[in-house]
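Letters go in sequence order (proteins before strands), and every chain restarts at 1.
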2 protein chains.
Amino acid sequence: MSSSAQKYDVFQAIADPTRREVLKLLAHQELPIAEITAHFPMSRTAIAKHLHILSEANLVSGQKVGREKRYRLQPETFQELKDWLSYYEQFWNNKLSILKHVVENEDEDSLNNKKTD
Amino acid sequence: MSSSAQKYDVFQAIADPTRREVLKLLAHQELPIAEITAHFPMSRTAIAKHLHILSEANLVSGQKVGREKRYRLQPETFQELKDWLSYYEQFWNNKLSILKHVVENEDEDSLNNKKTD
DNA sequence: TTGACATAACACCAAATGGTTTCATATAAT
DNA sequence: ATTATATGAAACCATTTGGTGTTATGTCAA
């Protein structure tokens, strides 16, 4: 019982540029809200909200240390995204272009095998 | 001169569940708006807007065929996402835990050299 | 205990988002 | 030429989002 009808999922969480910046920051080290805020041109409250959203999406987690709350990256969650992406990966590198043909069994693309880097 | 200050980027485009469903649909075959709409409990106009957003993010492209406009997946763009993700990948599999060491220069993890893959 | 600091919790607001309906335009079919 | 079909575009609306400021609570230091 870790997730109960969360309002924000990973996709929404990373949609905001500020939140992506926060993730980048936390990639290198864990930080308290105040320090994170120092990197942005907005209020601490705003950043706290972003952190809350990131936290709800399990992209970060916060540990209370004294009167601080230190946030850190929760990198495992990125796997969700990777999994989602991997479904589409087959379509842009044509590793599975043959499979695609078989599955669709209906498109008349010329079988041009273009191996893009 | 392909992209001029686009309003929607890839991250925003995939943030919406409906748009992700549209992508999934188009993964298998290219489709005109009307047919796409048939899969959703909302108006054609709404879907058209979603397609416009996906198109602006270059995740799909539309070709006009007669009076139809057929939309198809533009899978190359997913690479953007993959690139973004790959930055964080290093943190959840420790492929680059050594690099992390160097960059941070502050944590005292044992130097375990684990070359995955 | 008192004061300073770090965060949490509200109430509030403007703008963006995701949907609607209606009207216009282009193409196909009869 | 007329009608039906497929889309485009506009005006409109409710809700969500991303920000603000203020007040409350908990913790550390004197």
note = Atom CE of B/Met42 and atom C1' of C/dT20 are separated, to the nearest Å, by 12 Å

remark   = So NZ of A/Lys69 and OG of A/Ser61: to nearest 0.5 Å the spacing works out to 9.5 Å

task = Take the protein atom CD of A/Glu56 and the nucleotide atom P of D/dG18, then report the distance between them rounded to whole Å.
result = 13 Å

message = I need the full list of ring-ring contact (aromatic ring centres under 6.0 Å, His included) pairs touching residues 59-89 of chain B, with sequence neighbours left out, sorted by first then second residue.
response = A/Phe78-B/Trp84, A/Phe78-B/Tyr88, A/Trp84-B/Phe78, A/Tyr88-B/Phe78, B/Phe11-B/Trp84, B/Trp84-B/Tyr88, B/Tyr87-B/Phe91

note = When rounded to whole Å, the CD1 to C1' distance for the pair B/Ile47 and C/dG18 reads 11 Å

Between the protein and nucleotides 13-17 of chain C, are there any N/O to N/O pairs under 3.5 Å, and if so, what are the atom names and distances?
| unit_1 | atom_1 | unit_2 | atom_2 | d |
| --- | --- | --- | --- | --- |
| C/dT17 | OP1 | B/Gln12 | NE2 | 2.9 |
| C/dT17 | OP2 | B/Tyr8 | OH | 3.3 |

key: nucleotides 6-13 of chain D: protein proximity per nucleotide (B base, S sugar-phosphate only, - neither; heavy atom, under 4.0 Å)   = SBBBB---

query = Quick one: A/Glu21 CD to D/dG18 P, roughly how many Å, whole number?
reply = 15 Å

task = Apply side-chain hydrogen bond (donor to acceptor under 3.5 Å, both in side chains) to B/Ser86 and list each qualifying residue two or more places apart in sequence or on a separate chain.
result = none

message = In whole Å, I'd like the distance from the NE2 atom of A/His50 to the C1' atom of C/dT7.
response = 17 Å

remark   = Taken in chain and number order and not counting sequence neighbours, the residues that satisfy salt bridge (charged side-chain N to carboxylate O under 4.0 Å, His left out) with B/Arg20 are A/Asp9

ask   = Would you say the side-chain atoms of B/Glu35 and B/Thr37 include a donor-acceptor pair closer than 3.5 Å?
value = no

Below 3.5 Å, can you tabulate the donor-acceptor pairs from side chains in residues 38-52 of chain B to any protein atom, sequence neighbours excluded?
| unit_1 | atom_1 | unit_2 | atom_2 | d |
| --- | --- | --- | --- | --- |
| B/Ser43 | OG | B/Ala46 | N | 3.1 |
| B/His50 | ND1 | B/Arg19 | NH1 | 3.1 |

ask   = Under 4.5 Å between side-chain heavy atoms, hopping through other hydrophobics if needed: is there a path connecting B/Leu25 to A/Leu85?
value = yes

query = Is it true that A/Glu56 and A/Lys7 make a salt bridge, defined as a side-chain N closer than 4.0 Å to a carboxylate O?
reply = no

key: Interatomic distance, A/Phe11 CZ vs D/dT16 P [rounded to whole Å]   = 21 Å

request  = Could you check A/Ile53 against A/Val65 and say which one's nearest nucleotide on DNA chain D is further toward the 5' end?
outcome  = A/Ile53

